[in-house]
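This report refers to the structure that appears directly beneath it.
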Amino acid sequence: MTEPLDPGYPVPDGWTAHGVVELTGGCVVLVTEAERIALVGPRVRELRHGQPVTVRGRVVPLPPDCPADRALLVTDLEDDLPFGRFQW
């Protein structure tokens, strides 16, 4: 079994993690307090550098040359804006 993402927690269909998006080296990376998570899948195409988000998904193999600790196939996104959350 995969260790929990931190900060994040297991949910029935995968994992949830919170952080800020970083676009680097062709990868979309979620920077959390504890680790860097490569975000993969069609849902991540419109994320912007510096955007705070909450993501849900399942752990997948890390893409080559991606500067992250692990990877998450994103199934759900929420934009963590100061004035509220919007689900895409």
Side-chain angles (χ1 to χ4, degrees):
M1 177 154 195
T2 305
E3 292 181 25
L5 301 175
D6 194 18
Y9 51 91
V11 293
D13 61 344
W15 294 95
T16 296
H18 317 280
V20 175
V21 173
E22 180 179 285
L23 304 178
T24 180
C27 293
V28 178
V29 176
L30 183 69
V31 179
T32 73
E33 291 178 10
E35 64 185 340
R36 297 168 56 83
I37 304 166
L39 303 178
V40 297
R43 304 285 323 260
V44 304
R45 290 185 188 142
E46 296 186 27
L47 293 175
R48 298 172 315 279
H49 186 82
Q51 180 179 2
V53 295
T54 297
V55 297
R56 286 179 200 69
R58 63 182 173 87
V59 176
V60 295
L62 185 62
D65 300 323
C66 196
D69 302 306
R70 59 178 90 215
L72 194 68
L73 175 61
V74 176
T75 57
D76 191 30
L77 293 170
E78 289 183 4
D79 196 356
D80 292 345
L81 299 174
F83 49 85
R85 288 188 165 177
F86 295 92
Q87 189 165 353
W88 298 347

Gap between atom [atom2] of [Y] and atom [atom1] of [X] - 0.5 Å precision:
{"X": "R36", "Y": "T24", "atom1": "CZ", "atom2": "OG1", "result": "6.5 Å"}
{"X": "L39", "Y": "C27", "atom1": "CG", "atom2": "SG", "result": "10.0 Å"}
{"X": "Q51", "Y": "L77", "atom1": "CD", "atom2": "CG", "result": "8.0 Å"}
{"X": "D69", "Y": "L62", "atom1": "CG", "atom2": "CG", "result": "8.5 Å"}

*From V59, I37, T75, residue fulfilling side chain to side chain contact (heavy atoms under 4.5 Å, CB included) relative to W15*: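 So the option named by the test is V59.
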Measure the shortest side-chain to side-chain distance between [X] and [Y] over non-hydrogen atoms and say whether it is less than 4.5 angstrom.
{"X": "D79", "Y": "R48", "result": "yes"}
{"X": "L72", "Y": "V60", "result": "no"}
{"X": "H18", "Y": "T16", "result": "yes"}
{"X": "V31", "Y": "V21", "result": "no"}

*Is the side chain of H49 donor-acceptor paired with the backbone N or O of L23 at a distance under 3.5 Å, no angle test?*
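Judged by distance alone, yes, a pair lies under 3.5 Å.
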_Closest non-hydrogen atom pair between A68 and A38, with its separation_ =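 Residues A68 and A38, closest heavy atoms: CB-N, 3.5 Å.
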*Which heavy atom of V29 sits nearest a heavy atom of C66, and at what distance?*
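That closest heavy-atom pairing would be CG2-SG, 4.4 Å.
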*asked:* Please determine whether residues V28 and V55 belong to a single hydrophobic cluster, defined as Ile, Leu, Val, Met, Phe, Trp and Tyr linked transitively by side-chain heavy-atom distances below 4.5 Å.
replied: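 Both belong to a single hydrophobic cluster.
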